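The structure follows.
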Amino acid sequence: VGRIVETKVTGDLRARIATRYEVAGIDIGASIACDGVCLTVVALGPEGWFDVEISAETLSKTNLDAWAPGKRVNLERALKVGDELGGHIVSGHVDGLAEVVAVRAEGGSVRVRFRAPEALARFIAPKGSVALNGTSLTVNEVAGAEFGVNLIPHTQEVTTWGEVAVGAFVN
């Protein structure tokens with residue numbers, strides 16, 4: 001998890017993101033998924049930050065236009081050949097925004113229900129996987145354009161999902 005340090009408009013939107021990644025191991029031009037959006041690193045700081053530039057096209061398809069200083073974001077470096085493959089394999093780009101329509105405790109987990117855009121809803125299947133804000137989650141149920149997932153305590157602790165709220169839009 002990283003944190004937005006600052007944003008500014010420079011033609012595109014430029015964002016500085018604080019990270020716990022060792023910045024000496026990040027190259028200019030590297031791709032880092034930020035809340036599921038693959039962004040290109042354009043600057044690095046020895047104090048533990050990297051900058052990305054976000055085009056108008058990306059802003060039109062994602063929730064990154066709401067980024068503000070202090071916001072926490074899920075980060076993931078690109079997979080390297082030879083790395084362990086675990087969980088779900090995710091490839092591609094953000095296709096749209098889903099709205100959080102319900103959040104409720106369920107045992108030690110949290111059940112979250114989303115409303116997907118109509119054009120994407122037909123691709124969501126029970127027990128399939130869906131990538132939301134840079135995390136791949138298992139779909140529990142589907143009813144029309146709405147679907148639900150369970151977030152176990154570990155997921156809530158190590159991602160931004162512990163902060164989920166009704167009305168939020170996720171990539």
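Please read all numbers here as calculations on a predicted model, not as lab measurements.
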Margin query: Counting C-beta onward and ignoring hydrogens, is there a side-chain heavy-atom pair between F147 and N140 closer than 4.5 Å?
Written below: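 The answer is no, as the side chains (C-beta and beyond) never meet within the 4.5 Å cut-off.
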- Query: Are side-chain N/O atoms of W49 and E47 paired as donor and acceptor at under 3.5 Å?
  - Reply: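 Judged by distance alone, the side chains do pair up.
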Self-check item: Shortest non-hydrogen contact from I4 toward A68
Solution: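 Distance-wise, the nearest heavy atoms are CB-O, 3.4 Å.
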Tell me who clusters with V5, hydrophobic residues only, linked when side chains sit under 4.5 Å apart either directly or through other members.
->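 Cluster partners of V5: none, it stands alone.
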| Between A145 and E118, which heavy-atom pair has the shortest distance, and what is it? |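 Distance-wise, the nearest heavy atoms are CB-OE2, 3.6 Å.
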Looking only at non-hydrogen atoms, find the nearest pair between L151 and Q156 and report the distance.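 Closest heavy-atom pair between L151 and Q156: O-NE2, 2.8 Å.
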* Asked: What is the minimum heavy-atom distance between L64 and L13, and which atoms define it?
  ->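 Closest heavy-atom pair between L64 and L13: O-CD2, 4.0 Å.
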Which donor-acceptor pairs under 3.5 Å do side chains of residues 21-41 form with protein atoms, sequence neighbours excluded?
residue: Y21; atom: OH; partner: L75; partner atom: O; Å: 3.4
residue: Y21; atom: OH; partner: R77; partner atom: N; Å: 3.3
residue: D35; atom: OD1; partner: N74; partner atom: N; Å: 2.8

Check V139 against S129 and note the closest heavy-atom contact, atom names and distance.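 Shortest heavy-atom separation between V139 and S129 comes out as CG2-C, 4.4 Å.
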I need the minimum non-hydrogen distance between T138 and V149, along with the two atoms involved.
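What the structure gives for the nearest pair is O-CG1, 3.5 Å.
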Count the heavy atoms belonging to other residues, nucleotides or ligands that lie under 6.0 Å from CD of E53, then report whether that count exceeds 12.
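Yes, enclosed.
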- Any idea how W161 and F114 line up, ring-wise: parallel (<30°), tilted (30 to 60°), or perpendicular (>60°)?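 Ring orientation of W161 relative to F114: perpendicular.
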Query - Those residues that, when tested against E57, pass salt bridge (charged side-chain N to carboxylate O under 4.0 Å, His left out) (two or more places apart) - result: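 Result, salt bridge (charged side-chain N to carboxylate O under 4.0 Å, His left out) vs E57: K61.
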